[in-house]
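What's counted below: heavy atoms across the whole structure, side chains too, no hydrogens, waters or symmetry copies. Keep in mind that this is a model prediction, so the values were computed, not measured. The chain is numbered in sequence order, starting from 1.
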Amino acid sequence: MVTMRIYHITYSPEVRTANLYFHGCDFYCLGCIRKKNPYDLCLKEKPDSWTRFLNLDEVLEILNRLGAKRAILLGGEPTLDSELPTLTMELHRNGIYNILLTNGHKLDERLLESVDRICVSIKAYSKKLHKKYTGKSNERVLQNFEKIYRSGTPLSSESVYIPSLIETEEIEKIARFIASIDPEIPYHIDAYIPIDNRWRAPTPKEIETAVAKAKMYLRNVTCLRGCEKLKYEVFNVYP
């Protein structure tokens, strides 16, 4: 069995949801939380360091043993794993609703047949800002976003509010782009979690202002202000 890039799995029994973490990314985001903590941020304690990747059979065995009904595929960047379409197909066959969180830069169209929902993280709409923050152009991201929508696969988007970098003005540009495709597409705004002293965490008021601006264009806007309490307990499964 071919090894995948999955190095970490957590589980929330109350909602029967597993989080599958994929190693590696084709973006080089300056504020990436994985540089500070490669594990699930909801865990009370960091797990022991992982020593190997899991293969497809191991992942399916774990999910079936847990009785998972939903799997969230995140990273890192899951689309770098050549076995991802096989995994999503098997999850679909096993009745496990799967949600792909991706930067949208790479899109294997086979995924559109077996992924139940895709959430594209749009880092920035402005080309120069996106290149500065991620090291990559956002042209393919925006093209793939529209391609996913046209395929009929349920689609949502998210962005991270970073003070002095990606603020309300940029959030508005992203929201306007999404609305140009369909104002009903859900959009989520996350508060930045500092990994160093370069940028601070946003205030709840800053997030609320960005949400209000996005709602001028989109009908379904949610957020995390960075001060919320954990809703469901999360347990480490692997490593």
Side-chain angles (χ1 to χ4, degrees), residues 12 14-19 29 33 41-42 69-75 77-79 88 91-92 96-105 107 111-112 114-126 129-130 133 138 140-163 165-193 201-232 234:
S12 298
E14 291 176 89
V15 286
R16 301 179 73 176
T17 298
N19 299 297
C29 298
I33 189 62
L41 300 179
C42 296
K69 289 298 181 182
R70 188 169 75 155
I72 300 175
L73 316 174
L74 65 167
E77 177 50 49
T79 60
T88 56
L91 293 175
H92 205 71
I96 301 175
Y97 187 90
N98 61 93
I99 304 170
L100 171 63
L101 274 58
T102 175
N103 60 29
H105 191 248
L107 177 65
L111 291 169
L112 301 178
S114 55
V115 173
D116 294 301
R117 174 173 290 277
I118 298 178
C119 178
V120 177
S121 179
I122 301 180
K123 312 299 183 183
Y125 180 77
S126 304
L129 181 54
H130 193 278
Y133 183 66
N138 65 357
R140 284 171 57 186
V141 175
L142 303 181
Q143 290 174 349
N144 285 336
F145 189 85
E146 186 165 1
K147 183 181 293 185
I148 295 167
Y149 176 78
R150 301 301 175 198
S151 77
T153 302
L155 174 66
S156 61
S157 184
E158 66 173 3
S159 299
V160 178
Y161 186 108
I162 306 177
L165 187 70
I166 300 167
E167 299 185 304
T168 299
E169 181 180 356
E170 191 64 24
I171 295 295
E172 180 180 5
K173 292 178 182 178
I174 297 170
R176 190 185 299 125
F177 162 74
I178 297 171
S180 72
I181 297 172
D182 188 340
E184 297 289 347
I185 295 174
Y187 183 47
H188 183 77
I189 302 171
D190 275 321
Y192 172 66
I193 300 174
T203 65
K205 181 63 176 177
E206 287 173 323
I207 296 293
E208 290 162 10
T209 299
V211 168
K213 184 65 69 170
K215 283 184 175 180
M216 293 174 60
Y217 306 90
L218 299 169
R219 298 191 179 98
N220 188 356
V221 182
T222 57
C223 69
L224 280 178
R225 299 170 179 81
C227 56
E228 293 84 357
K229 293 183 179 179
L230 188 62
K231 193 172 183 179
Y232 303 110
V234 178

Derivation and outcome, side chain to side chain donor-acceptor pair (under 3.5 Å), residues Ser180 and Tyr217: CA-CA 9 Å; Ser180 72; Tyr217 306 90; over 6 Å; no
Tyr192 and Leu165: CA distance, side-chain angles, deciding distance, side-chain contact (heavy atoms from CB on, under 4.5 Å) verdict: CA-CA 11 Å; Tyr192 172 66; Leu165 187 70; over 6 Å; no
Derivation of the side-chain contact (heavy atoms from CB on, under 4.5 Å) call for Leu107 and Thr102: CA-CA 9 Å; Leu107 177 65; Thr102 175; over 6 Å; no
Intermediate values then yes/no, side-chain contact (heavy atoms from CB on, under 4.5 Å), Ser159 and Tyr187: CA-CA 8 Å; Ser159 299; Tyr187 183 47; 2.7 Å; yes
Leu41 vs Ile193, side-chain contact (heavy atoms from CB on, under 4.5 Å): CA-CA, chis, key distance, verdict: CA-CA 10 Å; Leu41 300 179; Ile193 300 174; 3.7 Å; yes
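Pairing each heavy atom of Pro204 with each of Cys227, the nearest pair is CG-SG, 4.4 Å. Contact record, Cys29 with Lys123: SG-CE, 4.0 Å, taken as the closest heavy-atom pair. Taking all atoms of both residues into account, the shortest heavy-atom contact from Pro163 to Ala201 is CG-C, 4.0 Å. In this structure, Cys42 and Leu230 approach most closely via the heavy-atom pair SG-CD1, 3.5 Å.
For the residue pair Thr222 / His188, a side-chain donor-acceptor distance below 3.5 Å is found, with atom types taken as modelled. For Thr17 and Tyr232, the side-chain atoms include no donor-acceptor pair closer than 3.5 Å. Using modelled atom types, one finds a donor on one side chain and an acceptor on the other under 3.5 Å when comparing Ser126 with Lys173. Counted by atom type alone, Tyr149 and Asp182 present one or more donor-acceptor pairs between their side chains at under 3.5 Å.
The backbone N or O of Ile99 sits nowhere less than 3.5 Å from a side-chain atom of Asp116 that would complete a donor-acceptor pair. Here the side chain of Thr209 pairs no donor or acceptor atom with the backbone of Ile207 at under 3.5 angstrom. Here the side chain of Asn19 pairs no donor or acceptor atom with the backbone of Ile72 at under 3.5 angstrom. With Glu170 contributing its side chain and Tyr125 its backbone, the two residues share a donor-acceptor pair below 3.5 Å. Between the Ser12 side chain and the Val234 main chain, no donor and acceptor come within less than 3.5 Å of each other. Distance alone, capped at 3.5 Å, is enough to place a donor-acceptor pair between the Glu77 side chain and the Thr79 backbone. Judged by distance alone, the side chain of Glu184 and the main-chain N or O of Arg219 form no donor-acceptor pair under 3.5 Å. Looking at Asn138, its side chain never comes within 3.5 Å of a backbone N or O of His105 through a donor-acceptor pair.
In this structure, Phe145 has its ring center closer than 6.0 angstrom to the ring center of Phe177.
Rounded to the nearest 0.5 angstrom, Asn98 CG and Arg70 CZ are separated by 11.0 Å. The structure places SG of Cys119 at 10.5 Å from CG of Leu74, a figure rounded to the nearest 0.5 Å. To the nearest 0.5 Å, atoms CD1 (Ile181) and NZ (Lys147) are separated by 13.0 Å.
Around the CD atom of Glu169, the shell of radius 6.0 Å holds no more than 12 heavy atoms that belong to other residues, nucleotides or ligands.
With Leu73 as the fixed residue, the side-chain contact (heavy atoms from CB on, under 4.5 Å) test singles out one of Val115, Leu101, Thr88: Thr88. Partner of Ile185 under the side-chain contact (heavy atoms from CB on, under 4.5 Å) criterion, out of Asn220, Ile178, Val120: Ile178 alone. The side-chain contact (heavy atoms from CB on, under 4.5 Å) with Val211 is formed by just one residue from the set Ile171, Val221, Thr168; it is Val221.
A heavy-atom distance below 4.5 Å is not found between the side chains of Thr153 and Leu155.
Residue pairs meeting the salt bridge (Lys or Arg N to Asp or Glu O under 4.0 Å) criterion with at least one partner in residues 204-216, sequence neighbours excluded, are Arg200-Glu206, Glu208-Arg225.
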